[in-house]
Amino acid sequence: MRRPVQLVWFKRDLRVVDHAPLAEASRLGPVLPLYVVEPGLWREPDASGRQWAFLRESLVELRTALALLGAPLVVRTGEAVEVLEDLHSRLTIGGLWAHEETGNLWTFARDRRVRAWARVHAIPFFEFRQSGVIRGLRDRTGWSRKWDAFMRRPTVPTPRDLEPVPGVDPGPIPESPPGLPADPCPHRQRGGRQQGLDSLESFLAERCLPYQRAMSAPEAGAVHCSRLSPHLAFGTLSLREVLQRAEAALRACAGSREAEASKKAGALRSFIGRLHWRCHFVQKLEDEPEIERRPFHPFFAGLRGYDPERYRAWVEGRTGWPYVDACMRSLAATGWLNFRARSMLMAVSSYQLWQDWRKPGLHLGRLFTDYEPGIHWPQVQMQSGTTGINTLRIYDPTKQGLDHDPDGGFVARWVPELARLPMPHRMAPWRAAPLALADAGIRLGVDYPLPRVDATRATAEAKARLWEVRRRPGFAELADAIQEKHGSRKAGVPRPDRRQPPRTRPSTQLRLELGEG
């Protein structure tokens with residue numbers, strides 16, 4: 001009589017290293033590693049072809065890694081419960097093993113269905129943490145201490161070999177889930193664990209040296225940020241192994257008096273801090289999944305509307321603000337953008353263009369190869385000013401370009417119609433003299449649009465509207481409750497003060513390098 005099968009369900013944990021469900025299941029008998037391509041998930045409005053392409057490359061590599069251990073990855077297409085029911089009809093399943101997932105509302109609902117299915121069939125379902133995020137957390141007090149305790153445990157050893165389940169066809173890895181639209185992204189990062197390890201090694205060895213300065217600019221950030229974000233989002237690397245590798249590199253800098261070692265130590269400390277903040281933001285979505293579709297603070301519901309012309313201009317990179325447009329076009333072509341530029345895109349949509357956060361948030365989510373719902377939606381709301389607990393951060397789109405693209409090379413690359421216009425007019429062509437525009441062959445409103453709105457006036461109006469909401473009776477009391485539930489205990493965030501308008505400087509919570517793990 002065959003022993004019961006231990007079914008290991010892979011989701012956003014596409015690796016064999018530091019994988020507790022795989023290691024624990026392997027001790028109990030034959031292992032069937034499973035990945036389910038779920039059409040319903042890929043029909044969600046935050047899903048995209050670039051995300052699938054990265055994931056598919058990671059699945060191919062994962063299948064090879066598991067085959068070397070003795071049990072190749074089984075891939076099925078369909079809804080998770082239906083796939084599990086089919087396997088259950090043909091196999092004796094002794095246990096279902098998986099990592100907890102903090103995804104979008106669709107995945108939360110799917111996991112509830114799977115748990116219910118397992119209960120009906122009396123199949124034990126074992127779920128494990130894979131980061132510092134804590135499921136069922138009642139209070140943030142002591143969260144950082146718990147994060148440290150989990151993240152500094154030794155990584156889980158990889159099983160030396162797996163006992164396979166005979167007679168199960170591994171099945172093909174589809175080129176694309178059914179109905180997923182085409183999504184050309186010519187400069188997208190490639191998936192797979194080896195790509196992640198290569199990025200980690202090069203970052204810790206030398207790319208990190210100018211990290212603290214380079215992270216603010218899109219061109220420098222593309223080189224000197226870790227670029228580990230998609231690998232952390234899809235789990236080809238575990239957050240714990242990245243943290244421990246970074247801390248080992250930091251210890252190696254200790255005691256050296258060389259200037260480069262000191263510079264590297266500062267960069268690594270900054271990077272390690274962002275690994276902590278990464279989980280801090282994912283914890284928000286874990287604790288309150290509904291923030292994907294409703295504002296943290298209910299007083300901001302329905303505050304902004306939807307203007308299709310403004311939205312389309314923002315999506316297409318034709319707002320009339322060159323640096324904003326360059327960032328959007330770069331993101332569309334590469335699937336990645338540094339945190340400050342991501343924040344600016346969201347803030348410009350919310351403040352100067354006065355668009356509700358949800359639709360732009362979905363668009364950015366689709367463009368990010370490294371889309372991580374737990375980081376994305378709290379940050380979308382922070383940059384839109386709807387949390388009720390964070391100070392406002394409103395970006396001047398022209399100043400951002402002058403600060404972070406001082407020679408105009410980034411704008412010239414992604415907005416080539418302005419490449420012949422000299423600086424500083426390249427960042428604000430509407431301020432250029434007619435002769436300068438003629439010399440550059442630019443007809444404003446024809447070759448490149450004028451700004452959709454007056455940025456200064458729109459910013460002032462946005463501040464006034466938001467401050468009006470913050471003055472309403474009952475606002476501060478609700479904000480206090482939000483702060484109590486979601487705010488960091490390590491670095492406090494000032495509560496909204498009835499007597500003073502919100503500052504335009506970022507609070508401590510705004511310093512996370514979004515997506516940079």
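These numbers were taken from a predicted model, which means no experiment stands behind them.
Formation of a donor-acceptor pair under 3.5 Å by the Glu101 side chain with backbone atoms of Arg12 is not found in this model. The backbone N or O of Pro45 sits less than 3.5 Å from a side-chain atom of Arg366, completing a donor-acceptor pair. A donor-acceptor pair under 3.5 Å links the side-chain atoms of Gln352 to the main chain of Tyr395, judged by distance alone. Looking at Arg318, its side chain never comes within 3.5 Å of a backbone N or O of Ala313 through a donor-acceptor pair. Under the 3.5 Å distance criterion, the side-chain polar atoms of Ser330 are left unmatched by any main-chain donor or acceptor of Ala326. Checking side-chain atoms of Glu292 against main-chain N and O of Trp377 turns up no donor-acceptor pair under 3.5 Å. One N or O on the side chain of Arg240 and one on the backbone of Phe150 form a donor-acceptor pair closer than 3.5 Å. Asn390 places no side-chain N or O within donor-acceptor distance of the main-chain N or O of Met382, the cut-off being under 3.5 Å. Looking only at distances, a side-chain donor or acceptor of Lys264 sits under 3.5 Å from a matching main-chain atom of Leu204. Judged by distance alone, with hydrogens and angles left aside, the side-chain atoms of Asp13 form a donor-acceptor pair with the main-chain N or O of Lys11 at under 3.5 Å.
Under the 30°/60° scheme for interplanar angles, the aromatic rings of Trp277 and Phe281 are found to be tilted.
Annotation: the span from Trp143 atom CH2 to Gln283 atom CD amounts to 6.0 Å, rounded to 0.5 Å. Once rounded to the nearest 0.5 Å, the distance linking CE of Met328 with CE of Met344 reads 9.0 Å. Taking CZ from Arg129 and CE from Met151, the interatomic distance works out to 9.0 Å, rounded to the nearest 0.5 Å. Leu197 contributes atom CG, which lies 8.5 Å from atom NE2 of His231 (distance to the nearest 0.5 angstrom). Atom NZ of Lys463 is separated from atom CG of Leu392 by 8.0 Å, given to the nearest 0.5 angstrom. With values rounded to the nearest 0.5 angstrom, Ile389 atom CD1 is found 5.0 Å from Thr387 atom OG1.
Geometric assessment of Arg304 against the ring of Tyr351 yields a positive cation-pi assignment under the 6.0 Å and 45° thresholds. Geometrically, Arg140 does not engage Trp147 in a cation-pi contact defined by less than 6.0 Å to the ring centre and at most 45° from the axis. A cation-pi arrangement is found for Arg227 relative to Trp336, the charged atom lying closer than 6.0 Å to the ring centre and inside a 45° cone about the ring normal.
One side chain, Ser202 or Arg207, offers a donor N or O that lies under 3.5 Å from an acceptor on the other. A donor-acceptor pair shorter than 3.5 Å cannot be found between the side chains of Arg342 and His376. Side-chain atoms of Trp314 and Gln355 include no donor-acceptor pair closer than 3.5 Å. Looking at Gln381 and Thr386, their side chains do bring a donor and an acceptor atom within 3.5 Å of each other. A donor-acceptor contact under 3.5 angstrom links the side chains of Glu286 and Thr102, judged on distance only.
Residue pairs meeting the side chain to side chain donor-acceptor pair (under 3.5 Å) criterion with at least one partner in residues 46-57, sequence neighbours excluded, are Asp46-Asn104, Asp46-Tyr371, Ser48-Gln51, Arg50-Asp183, Arg56-Glu175, Glu57-Arg188, Glu57-Arg190.
No side-chain heavy atom of Trp42 sits less than 4.5 Å from a side-chain heavy atom of Ser176. Taking the side chain as every heavy atom from C-beta outward, Glu38 and Trp106 approach each other to under 4.5 Å. Contact annotation: the side chain of Ser343 never approaches that of Gln400 to less than 4.5 Å [non-hydrogen atoms, C-beta and beyond]. Using a 4.5 Å cut-off on side-chain heavy atoms (C-beta onward), Glu461 and Val453 make no contact. Counting heavy atoms from C-beta outward, Arg15 and Leu237 have side chains that stay 4.5 Å or more apart. Under the 4.5 Å side-chain criterion, counting only non-hydrogen atoms from C-beta, Leu14 is in contact with Tyr35. The shortest distance between side-chain heavy atoms of Asp307 and Leu353 does not fall below 4.5 Å. Looking at heavy atoms from C-beta onward, Ser238 lies out of side-chain contact with Gln130 at the 4.5 angstrom threshold.
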side-chain contact (heavy atoms from CB on, under 4.5 Å) for Thr334 and Trp414? Distances and angles first, verdict last. CA-CA 11 Å; Thr334 68; Trp414 294 107; 4.3 Å; yes
Steps toward side-chain contact (heavy atoms from CB on, under 4.5 Å) verdict (Ser349, His363): CA-CA 11 Å; Ser349 169; His363 179 72; over 6 Å; no
Audit row: Phe234, Asp370, side-chain contact (heavy atoms from CB on, under 4.5 Å) steps and yes/no: CA-CA 8 Å; Phe234 289 101; Asp370 57 10; over 6 Å; no
When you look at Glu290 and Leu105, which way does the side-chain contact (heavy atoms from CB on, under 4.5 Å) test go after all the steps? CA-CA 7 Å; Glu290 286 290 327; Leu105 283 165; 3.9 Å; yes
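Counting all heavy atoms, side chain and backbone alike, Pro322 lies closest to Met427 at CD-O, 3.3 Å. The two atoms that bring Leu466 and Gly385 nearest to each other are CD2-O, 4.0 Å, heavy atoms only. Across Ile272 and Ala246, no two heavy atoms sit closer than the pair CG1-CB, 3.9 Å. Of all heavy-atom pairs between Asp18 and His99, the closest is O-CE1, 4.4 Å. What you find for Leu285 and Phe108 is that their closest heavy atoms are O-CZ, 4.0 Å. Across all non-hydrogen atoms, the minimal contact from Ala428 to Thr398 is CB-CG2, 4.0 Å.
Taking a 6.0 Å sphere around CZ of Arg115, one finds it holds more than 12 heavy atoms contributed by other residues, nucleotides or ligands. In the displayed structure, Arg293 atom CZ is contacted under 6.0 Å by at most 12 heavy atoms of other residues, nucleotides or ligands.
Salt bridge Arg329/Glu417: present, at least one basic N to carboxylate O contact under 4.0 Å.
Side-chain rings of Phe300 and Phe475 approach one another, their centers coming within less than 6.0 Å.
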